[in-house]
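What follows is one structure encoded as structure tokens, with my remarks underneath.
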Amino acid sequence: MTGCSVAKGLLEGDSRIKVTVLEARGLASGATSRNGGHIVSPSVGDFAELVESFGVKSAVEIADFTLKNIEMTFDAVAEYPESTLARDSKIRRTTKVLAYTDQEAFENAQHSLRLWNRHMPVNRNDLFKMMSSDEAKAKLGLKHVAGASVGPGAAVWPYRLWCGLWSLLLEKHHDSLAIETFTPVHAVSEAPSGEDRLGRYVVKTSRGKIRASHVVYCTNGFTSHLLPSLRGKLFPFRGTMSAQDLGPSFPNHGADRSWSLLSTPHVDEKSGVRSASLYYLTQDTDTGYMMLGGEYEKPEDLVCSDDSKVNTRSAEEIVKVLPRHFETSGPPRVKSLWSGIMGFSRDGILMIGRLPEEVTGRREESEWIAAGFNGYGTGYCYSCGLAIAQMLLGKDVSGWVPSALMITKERLQGSLSTGTFWDGLVGQSVETERSKL
């Protein structure tokens with residue numbers, strides 16, 4: 001997602017630029033095609049935490065940035081009215097339902113929404129409305145929840161959207177864009193002094209070396225493979241996804257609803273299993289299948305970059321979620337089960353911008369990053385990629401990109417080294433897992 005947006009921004013911003021995309025596997029075959037299809041802002045539910053960690057000004061800027069991303073993603077599709085991209089990708093506006101499965105989570109959400117309405121601009125106020133447990137049951141068919149919030153959202157078939165955009169970009173910029181799939185990058189280095197005429201950087205791949213004047217890392221959870229200094233600051237997190245069929249008796253809300261089920265996270269002291277703090281689901285508009293993701297797993301099996309396996313406990317638990325919170329005629333049939341690798345940051349917000357020398361070991365100039373979306377890639381990636389493209393082209397983005405998201409020496413030594421977002425994911429004092437990063 002991010003790489004596509006970067007390429008689009010560069011190619012449309014300067015016709016002289018040549019862009020090469022290096023993809024380790026098939027195009028959009030990683031978390032892009034494996035996610036639940038939500039295009040949502042996490043900032044409403046996270047607003048109180050953002051205020052506590054980064055202050056009101058930064059919290060407002062980050063929230064506004066994520067909401068703009070939703071509109072920018074729809075705008076990108078609207079640029080191609082003659083194509084079938086909108087129909088094929090099933091991109092659509094939805095009513096976003098965020099249900100809280102325990103009282104503590106519901107009360108935290110109410111506090112966060114009060115802060116949101118107090119500090120956000122008037123046009124962003126009252127986007128979400130709270131519902132009691134009884135209202136959620138009567139109006140939404142939810143059971144065993146303490147309450148819910150309802151507001152604007154969106155959903156999409158991610159693989160079709162991003163492969164469709166890539167195809168349209170190739171068609172339009174076939175002389176300037178090269179996409180090299182199954183070409184993992186092994187290392188990035190500087191060209192020897194006096195030999196940088198063809199490009200300052202040498203990018204070593206499985207198929208040989210290429211030269212580049214700029215390198216953009218859109219590698220999310222896999223970034224520390226190429227930038228080992230980011231280990232512990234940016235780490236992989238293996239998520240579990242499923243497609244479940246509840247049968248013809250279950251109503252198809254796919255065209256107009258997307259859902260999340262939020263609980264207060266905790267780690268069971270006896271088993272060491274971390275309960276999911278969030279399950280998320282959309283419904284396919286045609287089949288009615290519920291695309292449901294979430295975790296119930298030990299920390300050591302969550303912090304992992306291997307998406308060839310599925311978390312065992314999560315797979316067992318994920319089939320219990322829908323009957324627990326919806327009226328169903330029986331257990332769901334699991335049509336498919338898979339995993340995907342997300343990228344999480346130590347301080348809980350993404351990182352974007354020009355890479356400092358402290359990260360690369362090379363002088364700060366023409367290496368860039370957009371990564372660490374903390375499970376909300378579809379809610380961040382398009383705007384982040386476009387921001388990187390504009391920065392690379394020398395444009396000022398300070399008017400719309402939050403300064404708190406920029407990767408700086410100060411942030412590297414500060415919140416990316418001391419942030420506690422990790423503790424909310426896997427519990428406190430899991431030092432063996434910290435060291436494994």
Side-chain angles (χ1 to χ4, degrees), residues 1-4 21-38 157-160 162-163 166 179-187 204-207 217-228 230-232 234-244 272-274 276 278-282 289-319 321 332-345 371-378 381 425-426 430 432-433 435-437:
M1 287 186 267
T2 312
C4 185
V21 179
L22 299 171
E23 169 60 56
R25 296 184 291 191
L27 196 64
S29 65
T32 295
S33 63
R34 299 168 186 235
N35 74 62
H38 285 255
W157 189 322
Y159 180 82
R160 289 186 175 184
W162 297 101
C163 282
W166 278 123
I179 300 176
E180 306 295 342
T181 55
F182 300 98
T183 308
V185 173
H186 297 313
K204 181 182 178 182
T205 80
S206 61
R207 295 166 53 205
Y217 297 84
C218 305
T219 40
N220 210 25
F222 302 100
T223 301
S224 63
H225 167 65
L226 295 171
L227 299 171
L230 288 180
R231 288 176 185 161
L234 173 61
F235 53 92
F237 188 92
R238 182 166 62 190
T240 304
M241 272 297 300
S242 65
Q244 301 187 28
V273 172
R274 174 193 175 275
L278 180 67
Y279 281 104
Y280 43 91
L281 57 148
T282 58
Y289 292 169
M290 301 294 275
M291 316 303 289
L292 172 64
E295 314 313 320
Y296 184 80
E297 196 55 76
K298 288 185 175 181
E300 58 265 30
D301 291 325
L302 291 173
V303 182
C304 175
S305 60
D306 181 3
D307 59 9
S308 67
K309 300 176 182 178
V310 174
N311 296 331
T312 304
R313 295 177 183 83
S314 295
E316 295 172 353
E317 185 69 16
I318 207 166
V319 298
V321 174
R333 288 186 299 154
V334 178
K335 308 297 289 187
S336 186
L337 193 67
W338 65 95
S339 66
I341 306 303
M342 297 172 276
F344 280 73
S345 67
F373 303 110
N374 296 289
Y376 284 93
T378 315
C381 285
L425 289 173
V426 298
V430 193
T432 55
E433 292 311 305
S435 64
K436 191 173 78 171
L437 297 178

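Just so you know, residue 1 is the first one in the sequence shown, and it goes up from there.
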Sorted by chain and number, sequence neighbours left out, side chain to side chain donor-acceptor pair (under 3.5 Å) with E23 holds for none

Here the pair of heavy atoms bringing P236 nearest to G221 is CB-O, 3.5 Å

Smallest heavy-atom separation, M241 atom then G36 atom, equals CE-CA, 3.7 Å

One should read off an interatomic distance between M290 CE and Q244 CD, to the nearest 0.5 angstrom, of 8.5 Å

For S314 and E297 the tightest heavy-atom approach is N-OE1, 3.5 Å

Those residues at least two apart in sequence (or on a different chain) that pass side chain to side chain donor-acceptor pair (under 3.5 Å) with T2 are none

Separation between CE (M291) and NE2 (H38), nearest 0.5 Å, reads 10.5 Å

In this structure, OG of S206 is separated from CG of L22 (nearest 0.5 Å) by 9.0 Å

Rounding to 0.5 Å, atoms NE2 (H225) and CG (L230) come to a distance of 13.5 Å

Subject >> Min side-chain heavy-atom separation S224-F235 under 4.5 Å >> reply: no

Q. Just wondering, do R238 and L302 contact through their side chains at under 4.5 Å, heavy atoms?
A. no

Q.
Are the side chains of R25 and D307 in contact, using a 4.5 Å heavy-atom criterion?
A. yes

T32 meets the side-chain contact (heavy atoms from CB on, under 4.5 Å) criterion, sequence neighbours left out, with M1, A28, W162

| request: Could you tell me whether the side chain of D301 reaches within less than 4.5 Å of the side chain of K309, counting heavy atoms only? | output: no

Heavy atoms of V334 and L337 approach each other most closely as CG1-CB, 4.4 Å

Closest non-hydrogen contact found for S242 with I318 is OG-CD1, 3.7 Å

Sorted by chain and number, sequence neighbours left out, side chain to side chain donor-acceptor pair (under 3.5 Å) with R333 holds for D245

Sorted by chain and residue number, the side chain to side chain donor-acceptor pair (under 3.5 Å) partners of E180 (sequence neighbours excluded) come out as R207

request  = Go through E295 and T240 one step at a time and tell me if the side-chain contact (heavy atoms from CB on, under 4.5 Å) criterion holds.
outcome  = CA-CA 6 Å; E295 314 313 320; T240 304; 3.1 Å; yes

To the nearest 0.5 Å, atom CH2 of W157 lies from atom CG of N35 at 12.5 Å

Here the pair of heavy atoms bringing G37 nearest to P158 is CA-CG, 3.8 Å

d(S339 OG, R34 CZ) to nearest 0.5 Å is 6.0 Å

Checklist entry - Short question: side chain of N220, backbone of G372 - any donor-acceptor pair under 3.5 Å? => result yes

| task | Mark yes or no for whether D306, through its side chain, and S308, through its backbone, hold a donor-acceptor pair below 3.5 Å. | result | yes

Sorted by chain and number, sequence neighbours left out, side-chain contact (heavy atoms from CB on, under 4.5 Å) with L226 holds for V185, Y217

